[in-house]
Amino acid sequence: MRQPMVIANWKMNMTLSDSEEFVRRFTAEDVGGGGVEMVICPSFIALSALSLLLKETSLLLGAQNMYWEKAGAFTGEISPLMLREIGVRYVITGHSERRTYFGETDEDVGKKAETAFAMGLVPVICVGENGEERRAGKTKEVIGRQLLTAVQALHEEADWRRLIVAYEPVWAIGTGVPARAEDAAVVAACIRSLLHEKWGEVAAAVRILYGGSVNPDNITEFTARPGIDGALVGNSSLKPASFAAMVNAVSAERRG
Ligand code: PEP
């Protein structure tokens, strides 16, 4: 049974005080949220303080990125050990903004995923085609390349089971134009089938999320699809009421 989840990716938004205020206001919201895992990914500088604040809540902490070495001369980078020590559980790897603006490659994503598991974190591997690739009918080819490169160094069955993959079509991120739920479901099925070919039945345990212009009004169109286990959300996760509404919507949809 895969637990549904909603992950908030705040990107380079919200100062430390904004982030603390978000948590205070979110905990005042009426979040039933039963059975839905709730994760927030603030900026690096807010992680440590939020880790203390979140102890009183059922929110979990994720990072937006990390480096693949434990320590060393890598000026400006953040190590998985540093994240683990302060209670971070999840780390987003291969977000399209990292790929596009910071040159992150499929191989980098693979190294990050491998190290994340080795250091006790769970990677959320993002894959997705851009608009041009979509128009050229290359969605499955792109997803296959990104995914299979990213998971090639994962050898432990326990890691395969905990892996999270987010299908995030680049053309849908931050545009207000989400993918059609039926199309997202087809790609999610394709991701699971690629993992099944590689890992067999264990692929059924992998959580696959959709991301790209998700909001409280459309989130359940995606999560109602049997192969989609939740959402990775940018803009609509920045307001406590909106994040709470998405969690409550998924919870209600799952309860039927
Ligand atoms: C994202 O950044 O992962 C994302 C899905 O953003 P948005 O929800 O704003 O499209």
Side-chain angles (χ1 to χ4, degrees), residues 4-14 18-19 22 26 36-44 46-47 59-66 88-102 104 106 108-109 112-113 116 122-131 133-134 139 142-143 146-147 150 163-181 183-185 187-188 191 207-223 225 228-250:
M5 72 193 306
V6 183
I7 305 181
N9 173 18
W10 291 350
K11 316 192 186 194
M12 200 179 72
N13 294 300
M14 311 248 261
D18 294 337
S19 306
F22 177 102
F26 182 79
V36 179
E37 203 169 14
M38 303 177 282
V39 181
I40 54 176
C41 304
S43 74
F44 282 124
L47 282 171
L59 288 164
L60 299 173
L61 208 49
Q64 298 175 19
N65 184 28
M66 59 162 225
V88 169
R89 295 256 194 115
Y90 296 100
V91 60
I92 299 172
T93 56
H95 190 280
S96 74
E97 287 148 19
R98 302 266 355 138
R99 294 176 189 262
T100 304
Y101 305 133
F102 304 101
E104 197 159 304
D106 295 336
D108 294 343
V109 179
K112 290 180 183 194
V122 174
V124 179
I125 296 177
C126 300
V127 296
E129 81 287 2
N130 64 31
E133 291 161 339
R134 177 185 183 226
T139 298
V142 171
I143 303 294
Q146 293 177 336
L147 180 71
L163 179 67
I164 298 165
V165 179
Y167 168 52
E168 295 214 303
V170 179
W171 49 269
I173 296 178
T175 59
V177 182
R180 294 190 319 169
D183 294 340
V187 179
I191 290 170
R207 283 187 283 183
I208 299 176
L209 314 180
Y210 167 75
S213 297
V214 168
N215 61 44
D217 295 330
N218 67 19
I219 190 165
T220 56
E221 289 173 27
F222 297 95
T223 57
R225 304 274 161 171
I228 299 182
D229 306 305
L232 175 55
V233 189
N235 283 334
S236 294
S237 72
L238 292 168
K239 296 267 183 300
S242 170
F243 188 55
M246 289 186 284
V247 170
N248 282 335
V250 175

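Start at 1 and go down the list; that is how both ligands and their atoms are numbered.
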Mutual orientation of the aromatic rings belonging to F222 and Y210 [parallel < 30°, tilted 30-60°, perpendicular > 60°]: parallel

Ligand-side contact atoms (ligand 1) for residue partner L232, heavy atom cut-off under 4.0 Å: 3 (O), 5 (C)

Per-atom contacts of ligand 1 with G212, taking only distances under 4.0 Å to non-hydrogen atoms: 5 (C), 10 (O)

Cationic N near anionic O, under 4.0 Å, R99 to D108: no

Heavy-atom proximity to atom 10 (O) of ligand 1, best of P169, A166, G174, G234: G174

No-hydrogen, no-angle side-chain donor-acceptor test under 3.5 Å, E129 and W171: yes

Heteroatom proximity flag, S236 to ligand 1, N/O under 3.5 Å: no

Where S213 and T175 come nearest, the two heavy atoms and their spacing: OG-N, 3.4 Å

Polar atom proximity, H95 to ligand 1 (N or O, under 3.5 Å): yes

Protein heavy-atom partner closest to atom 5 (C) of ligand 1 - residue, atom, separation in Å: E168 OE2, 3.1 Å

Ligand 1 versus N235: contacting region, heavy-atom distance under 4.0 Å: both

Where ligand 1 meets V233 - atom numbers and elements under 4.0 angstrom, heavy-atom basis: 8 (O)

Per-atom contacts, ligand 1 versus N9 - under 4.0 Å to a heavy atom: 1 (C), 2 (O), 3 (O)

